[in-house]
Enquirer: 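One structure coming up, written as structure tokens, with questions to follow.
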Amino acid sequence: RSIVGETVLSALDHFGVPYRLLDLASIRPTAEVFAGCAAILIGQNRLGDRLSAEETRLLIEAVRDGVGLVNFDNDLRRYDPGLLEIFGFEGLNPHLAATNELCVTGGGHWITAEHGVNEFHRFERMVSAVLVSRWGPATQPLADLVLGREQLQYIRHLSPGSAFEPRNHPCLFAARFGRGRAVQFLLNPRVWRRAFF
């Protein structure tokens, strides 16, 4: 929760974006709650297993009906598989990857418009990520995490027994789903902390 205040909520306040905070410990998502939203922003990691299958279905229907979704929670392994259909994700890797380099690939999309195509960013520390191998035709990759020799050595300690190839893997996606639009970050939200980025 402390990461959310330091990163996501700080950014929303800075840009003057109005928001309501939904704390799953005290309020559960309903169709009525989602209907009153322009967008749903999931800002905390590891929330997937805190949502029931019915609540996940309500979220999917809200996006299909035109509510936007921005998901900073990268650990899709914890969500009901239904959420993956928004992006058409398949081949979710059970092992975590890690990197300290990012390459912006999605030229022309408003999320990456301020960056040059193939512009690299280096983080101060390694950050973990969940990888997918396939996505739907209405989903556009916008940035890749870079897995080179340095990153693969680090991953060997983070995820023993994992086997990642040295190459770039998409880690930021934008999708259209029904009448809604959605964005999924596969990097751990810690990347937005000052110590990382």
Side-chain angles (χ1 to χ4, degrees), residues 1-94 96 106 109-113 128-143 170-192:
R1 174 70 168 83
S2 63
I3 295 173
V4 175
E6 180 185 331
T7 58
V8 175
L9 298 182
S10 177
L12 292 175
D13 289 337
H14 176 77
F15 292 112
V17 178
Y19 63 89
R20 289 179 290 153
L21 197 59
L22 180 72
D23 186 343
L24 292 180
S26 56
I27 304 170
R28 300 309 301 180
T30 64
E32 293 75 26
V33 168
F34 289 152
C37 297
I40 300 164
L41 191 148
I42 301 174
Q44 185 173 336
N45 213 17
R46 298 182 175 165
L47 287 181
D49 50 12
R50 302 289 184 258
L51 293 174
S52 69
E54 175 63 19
E55 290 167 336
T56 302
R57 190 189 62 73
L58 290 173
L59 174 62
I60 294 165
E61 290 304 316
V63 175
R64 183 178 279 129
D65 290 343
V67 174
L69 172 67
V70 177
N71 191 0
F72 288 107
D73 184 354
N74 72 317
D75 201 347
L76 297 177
R77 301 170 304 173
R78 296 175 177 267
Y79 282 87
D80 182 280
L83 186 77
L84 303 180
E85 76 182 58
I86 291 175
F87 300 92
F89 286 153
E90 294 179 19
L92 200 61
N93 197 310
L96 289 176
H109 195 279
W110 65 269
I111 292 176
T112 54
S128 62
V130 172
L131 303 181
V132 296
S133 58
R134 292 176 298 284
W135 45 92
T139 300
Q140 177 184 3
L142 301 178
C171 63
L172 170 60
F173 295 88
R176 290 183 177 272
F177 184 71
R179 294 188 328 210
R181 295 181 185 181
V183 174
Q184 177 66 55
F185 289 83
L186 295 182
L187 291 171
N188 189 301
R190 290 173 190 259
V191 73
W192 302 109

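Every value quoted in this text rests on a predicted model; they were computed, and no experiment measured them. Numbers for residues simply follow the sequence, beginning at 1.
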Enquirer: First locate atom CD1 of I40, then atom CG of N71, and finally report the distance between them rounded to the nearest 0.5 Å.
Expert: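 That separation rounds to 10.5 Å.
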
Enquirer: Go through it in stages, so that I can follow the logic: the residues are V70 and I42, the test is side-chain contact (heavy atoms from CB on, under 4.5 Å), and I'd like the CA-CA distance, side-chain angles, deciding distance and then a yes or no.
Expert: CA-CA 6 Å; V70 177; I42 301 174; over 6 Å; no

Enquirer: Under 3.5 Å, is there a donor on one side chain and an acceptor on the other for N74 and N45?
Expert: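 Their side chains do contain a donor-acceptor pair, which is all the 3.5 Å distance test asks for.
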
Enquirer: Is it true that, when you exclude R176 itself, more than 12 heavy atoms of the residues, nucleotides or ligands shown sit nearer than 6.0 Å to its CZ?
Expert: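 No, the 6.0 Å shell around CZ holds no more than 12 heavy atoms from other groups.
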
Enquirer: Apply the test side-chain contact (heavy atoms from CB on, under 4.5 Å) to residues R57 and S52: give CA-CA distance (whole Å), side-chain angles for both, the deciding distance (0.1 Å), then the verdict.
Expert: CA-CA 9 Å; R57 190 189 62 73; S52 69; over 6 Å; no

Enquirer: Just how far is it from atom CD of E54 to atom CG of L59, taken to the nearest 0.5 Å?
Expert: 11.5 Å

Enquirer: For F185 and F72, take the angle between the two ring planes, folded into 0 to 90°, and tell me which bin it lands in: parallel under 30, tilted 30 to 60, perpendicular over 60.
Expert: parallel

Enquirer: Roughly how far apart are L41 CG and R20 CZ, rounded to 0.5 Å?
Expert: 13.0 Å

Enquirer: side-chain contact (heavy atoms from CB on, under 4.5 Å), that's the test. Do V183 and F173 meet it? Break it down for me.
Expert: CA-CA 6 Å; V183 174; F173 295 88; over 6 Å; no

Enquirer: Hey, what do you get for CD (E61) to OG1 (T56), rounding to the nearest 0.5 Å?
Expert: 12.0 Å

Enquirer: So, taking the atom named OG in S10 and the one named CZ in F15, what distance separates them when rounded to the nearest 0.5 Å?
Expert: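 Reported value, rounded in 0.5 Å steps: 9.5 Å.
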
Enquirer: Which heavy atom of P29 sits nearest a heavy atom of L24, and at what distance?
Expert: CD-CD2, 3.6 Å

Enquirer: What pair of heavy atoms forms the shortest contact from A39 to V67, and how long is it?
Expert: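 Closest heavy-atom pair between A39 and V67: CA-CG1, 3.8 Å.
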
Enquirer: Would you say D13 and Y19 are linked by a side-chain donor-acceptor pair, where the criterion is simply a distance under 3.5 Å?
Expert: yes

Enquirer: Heavy atoms, side chains only, cut-off 4.5 Å: are I86 and T139 in contact?
Expert: no

Enquirer: Side chains of N93 and V132: closer than 4.5 Å at any heavy-atom pair?
Expert: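 Sidechains of V132 and N93: no contact.
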
Enquirer: State whether the side chain of D73 and the backbone N or O of L47 hold a donor-acceptor pair below 3.5 Å, judged by distance alone.
Expert: yes

Enquirer: Determine, using ring centers only, whether F177 and F87 are less than 6.0 Å apart.
Expert: no

Enquirer: CG/L84 to CD1/I60 distance, rounded to the nearest 0.5 angstrom?
Expert: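 If we round to the nearest 0.5 Å, L84:CG and I60:CD1 are 8.5 Å apart.
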
Enquirer: Just wondering, are more than 12 heavy atoms of other shown residues or ligands nearer than 6.0 Å to CZ in R77?
Expert: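 For R77, atom CZ is crowded (more than 12 foreign heavy atoms under 6.0 Å).
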
Enquirer: Please tell me if the side chains of I3 and V8 come closer than 4.5 Å, counting only heavy atoms from C-beta onward.
Expert: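 Not in contact.
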
Enquirer: What are the two closest non-hydrogen atoms of E55 and L51, and how far apart are they?
Expert: OE1-CA, 3.4 Å

Enquirer: Do you know which two heavy atoms are closest between P170 and P141, and how far apart they sit?
Expert: CB-CB, 3.9 Å

Enquirer: Counting only heavy atoms not in R134 (residues, nucleotides, ligands), do more than 12 fall under 6.0 Å from its CZ?
Expert: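 Above 12, so yes.
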
Enquirer: For the pair L96 and D75, evaluate side-chain contact (heavy atoms from CB on, under 4.5 Å) and give the outcome as yes or no after the intermediate values.
Expert: CA-CA 9 Å; L96 289 176; D75 201 347; 5.5 Å; no

Enquirer: May I ask you to test the V130-F89 pair for a side-chain heavy-atom distance under 4.5 Å?
Expert: no

Enquirer: Would you call E85 and R64 a salt bridge, using N to O less than 4.0 angstrom?
Expert: yes

